[in-house]
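Here is the naming used below: chain letters follow the sequence lines, and residue numbers restart at 1 for every chain.
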There are 2 protein chains.
Amino acid sequence: MKFGGTSMAGIERIRSVAARVKREVAAGNQVAVVVSAMAGETDRLVGFCREASPLYDPREYDVVVSAGEQVTSGLLAIALQAVGVPARSWLGWQLPIHTSDVFSRARIGEIDTAALDASLAKGEVAVIPGFQGVAEGGRITTLGRGGSDTSAVAVAAAMKAERCDIYTDVDGVYTTDPRIVPRARKLARVTYEEMLELASVGAKVLQTRSVGLAMKEGVRVQVLSSFTGEDAPMADTLPGTMIVGEEEITMERQLITGIAHDKNEAKITLTNVPDKPGAVAAIFAPLAEAGINVDMIVQNVAHSTGSTDVTFTVPGADLPRSLDVLGQAREAIGFEKLVHDTRVAKISVVGVGMRSHAGVASTMFTTLGERGINILAITTSEIKVSVLIEEDYTELAVRVLHTAYGLDAEAA
Amino acid sequence: MKFGGTSMAGIERIRSVAARVKREVAAGNQVAVVVSAMAGETDRLVGFCREASPLYDPREYDVVVSAGEQVTSGLLAIALQAVGVPARSWLGWQLPIHTSDVFSRARIGEIDTAALDASLAKGEVAVIPGFQGVAEGGRITTLGRGGSDTSAVAVAAAMKAERCDIYTDVDGVYTTDPRIVPRARKLARVTYEEMLELASVGAKVLQTRSVGLAMKEGVRVQVLSSFTGEDAPMADTLPGTMIVGEEEITMERQLITGIAHDKNEAKITLTNVPDKPGAVAAIFAPLAEAGINVDMIVQNVAHSTGSTDVTFTVPGADLPRSLDVLGQAREAIGFEKLVHDTRVAKISVVGVGMRSHAGVASTMFTTLGERGINILAITTSEIKVSVLIEEDYTELAVRVLHTAYGLDAEAA
């Protein structure tokens, strides 16, 4: 079981987490719990480090920020004991959770489970701070922001757990954002691949990294809400969304599983780029060197003048840096104008079902075209079709696609 | 160097601690720094534990409350690096600082200094969180409130440091409380024994436990103020008070070193206790069993009825429990009335010089008698005479004794 910062924000909530853990124990399960810091605490500690020095030593940063989860893991152990559940905390260096020594964004290596297994076998609940581990040589590491989901999946994998239940502030994964489409349906199951596409295109339920790890290790992850009342049925009778391998999805498959949107993209167009070999490389090589991920790329048909326009998208946060990099490479690329637009949105339809069906993309283009929504760029993968549109049309596009692919729930 | 919670309260202050450490390094010294948590932080964490369960597991309490010093040690390391001083934090379990497994009030055993020595030899400043250690088996321990002074002395002893500088919010040890006697003088040197008596009778500068350890290990402790401006001369040119062994005090010794007062005592009188063997044991045995420290004891001359009155003092905080214990033992003791009074104060004159001089006590009694101050009880040790008086006379008594023993500074 993994609980996020909102679930750990204050002793009242930690008590209700303890009650929920107790129900799992009462159901006969052996339980390890991974916890985040209290909501706001990590920001506070990160703020201290930045204030102490903008160029802080990441090894010391890790000593500071790992304290937040240390506190909540001790407190949850106390709260569990208070309701009669034997429990103890295991800090990252105590288990230990071995990681790389890339401080402040370490990767989990091996997790020693001998002590953990012995503790669970004694009937104890193990409480493990998320987000932290220990490097070779014994210094504390952290996994980067949101790393607690990854900790939970890694611990579940190491323990060969039957399930990794991630409690969050949504009660599952939906066919699309229910704030946009009230008739969005909660998905009972979704594959790792679909979840990766849904997460990376904006359905922010789980850290992408944790889903990738779950896929690699075959960990069955369940997304559940932390905020059902204490008298609600146990987690396993009020299911959220299970994230599983494709082989577990046996029933008649929907063509499309969900529709995601992402307003955090920025579109860049370079006009009159010489239409010759190496021109495109001259654009994307310096961006890659700067660590900027380019997503959608459109190269227009060459003008009669022997030049062409190139359009692509980058994460909105990377826009200023991208413009800077491209400005510096202007001579090498030979473009005329550098135009950018942040008022764009990426809309994606996702589903493993589309592997065996043609026509998904054409349904998408037709549906959007009928509403007069202009498509600025297109990108596809085996289980996803994404289009870039003007930001103002985001909600309309999501709604008409949700209906077009038959995802709307029956009216209540 | 050891800095308390007020010195660590916020990044601005941590920066000024870093500047002070830098001056020591610039003077050619190898430095280890022991730090407290930010002022208020330990209380906040203790509050969480109590709220989670009044009967919290001390092992988990230690996980929670040790986080405060973990944060400040990382932050000071960052602040030191920012001013060009190589530094790294060493948590209790990393050195390690071995302690007993009496969680929440552990005692320091051995400190491994191999890693520490290597770090200092490389020119690094070692930043060590106070108040924490690690028990056999690898769980975090804490030393009890105020334990950071003890950590500092223990680290200094293990490293065979030349000096242990404890920065606090007073600039040294005075002949008495300067708020009562403006002409109190700062002492350049005081012996461990005197400091113990002064501390335990109310001159609260250092944890008693840390002074005891310094005496046992022969660590020269210097008490200094953290709040001299950054441009003040270095610590070793603006001395506070050195706490040292008696052999270091070579100059003509003052008869009396200082005068302490303590208003936190409570007086208890049992009337008409049978004057027979075992009667006194019947009073003090149950108090001892309850862990209550009895300090001053006066047994009056027996009444003609074959009974006597017994008066003694206990710490004010233990009064309710003491009355409870004695009430339950009433039959066994056979007293008539149980009378108590918290409006009393203990005044002590302290000085190793009195070993070789008679007349210290008689000067005290005469001086107080001349001012009409009634003495309710007396207790003495080799280097101390204490009297119990009515609380209202506290300041008057301290002033007249300060003058009588020749402690007043020359008028400025």
Side-chain angles (χ1 to χ4, degrees), chain A residues 8 10-15 17-18 37-38 41 44-45 47-84 86-91 93-96 115 127 129 134 137-140, chain B residues 8 10-15 17-18 37-38 41 44-45 47-84 86-91 93-96 115 127 129 134 137-140:
Chain A
M8 301 306 288
I11 302 299
E12 234 6 274
R13 291 193 178 174
I14 291 176
R15 267 204 206 101
V17 166
M38 292 190 185
E41 182 65 6
R44 188 176 81 105
L45 296 171
F48 283 146
C49 291
R50 294 204 174 127
E51 200 187 336
S53 171
L55 300 169
Y56 53 75
D57 180 346
R59 294 167 300 189
E60 300 299 343
Y61 166 94
D62 285 353
V63 168
V64 174
V65 300
S66 62
E69 284 77 10
Q70 177 171 328
V71 167
T72 47
S73 52
L75 291 175
L76 180 57
I78 291 173
L80 282 166
Q81 293 174 6
V83 293
R88 74 156 279 192
S89 63
W90 293 93
L91 303 181
W93 57 270
Q94 287 174 326
L95 278 176
V127 184
V134 65
R139 296 193 75 166
I140 294 176
Chain B
M8 301 304 289
I11 301 300
E12 234 5 274
R13 291 193 177 175
I14 290 176
R15 265 204 207 102
V17 166
M38 291 188 186
E41 182 65 7
R44 188 176 80 106
L45 296 172
F48 283 146
C49 291
R50 293 204 175 125
E51 199 187 335
S53 170
L55 300 168
Y56 54 74
D57 179 347
R59 293 168 299 189
E60 300 300 344
Y61 166 95
D62 284 354
V63 168
V64 173
V65 299
S66 62
E69 283 78 9
Q70 178 171 328
V71 167
T72 47
S73 51
L75 291 175
L76 180 57
I78 291 173
L80 282 166
Q81 293 174 7
V83 292
R88 74 156 280 190
S89 63
W90 293 94
L91 303 181
W93 58 269
Q94 287 174 325
L95 278 176
V127 184
V134 65
R139 296 193 74 167
I140 293 176

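In this structure, no portion of B/Ile14 lies under 4.5 Å from any heavy atom of chain A. Residue contact with chain B, scored on non-hydrogen atoms closer than 4.5 Å, is absent for A/Trp90. Heavy atoms closer than 4.5 Å to chain A are found nowhere in B/Arg50, neither backbone nor side chain. Proximity to chain B (any heavy atom under 4.5 Å) is shown, for A/Ala18, by neither the backbone nor the side chain.
Between A/Ala37 and A/Gly68, the closest heavy-atom pair is CB-C, 3.6 Å. The two residues B/Phe48 and A/Ile11 come nearest to each other via the heavy atoms O-CD1, 3.5 Å. Closest approach of B/Cys49 to A/Ile78, counting heavy atoms only: SG-CD1, 3.9 Å. Considering all non-hydrogen atoms of both residues, A/Val134 and A/Pro96 come closest at CG1-CB, 3.7 Å. B/Val127 and B/Leu80 make their closest contact through CG2-CD1, 3.9 Å (heavy atoms, listed as atom of the first residue, atom of the second, distance).
Of the listed residues (A/Val71, A/Leu76, A/Leu55, A/Leu91), the one with the most heavy-atom contacts under 4.5 Å to chain B is A/Val71. Taking A/Arg59, A/Glu60, A/Glu51 one by one and counting their heavy-atom pairs under 4.5 Å with chain B, the maximum is reached by A/Glu60. Contact count versus chain B (heavy atoms, under 4.5 Å) is highest, among A/Ala82, A/Ala67, A/Ser53, A/Ala52, for A/Ala52. Taking chain A as the reference chain and counting heavy-atom pairs below 4.5 Å, the highest number among B/Glu12, B/Arg88, B/Gln94 is found for B/Arg88.
Sorted by first then second residue, the side chain to side chain donor-acceptor pair (under 3.5 Å) pairs that include residues 65-75 of chain A, not counting sequence neighbours, are A/Ser66-B/Gln70, A/Gln70-B/Ser66.
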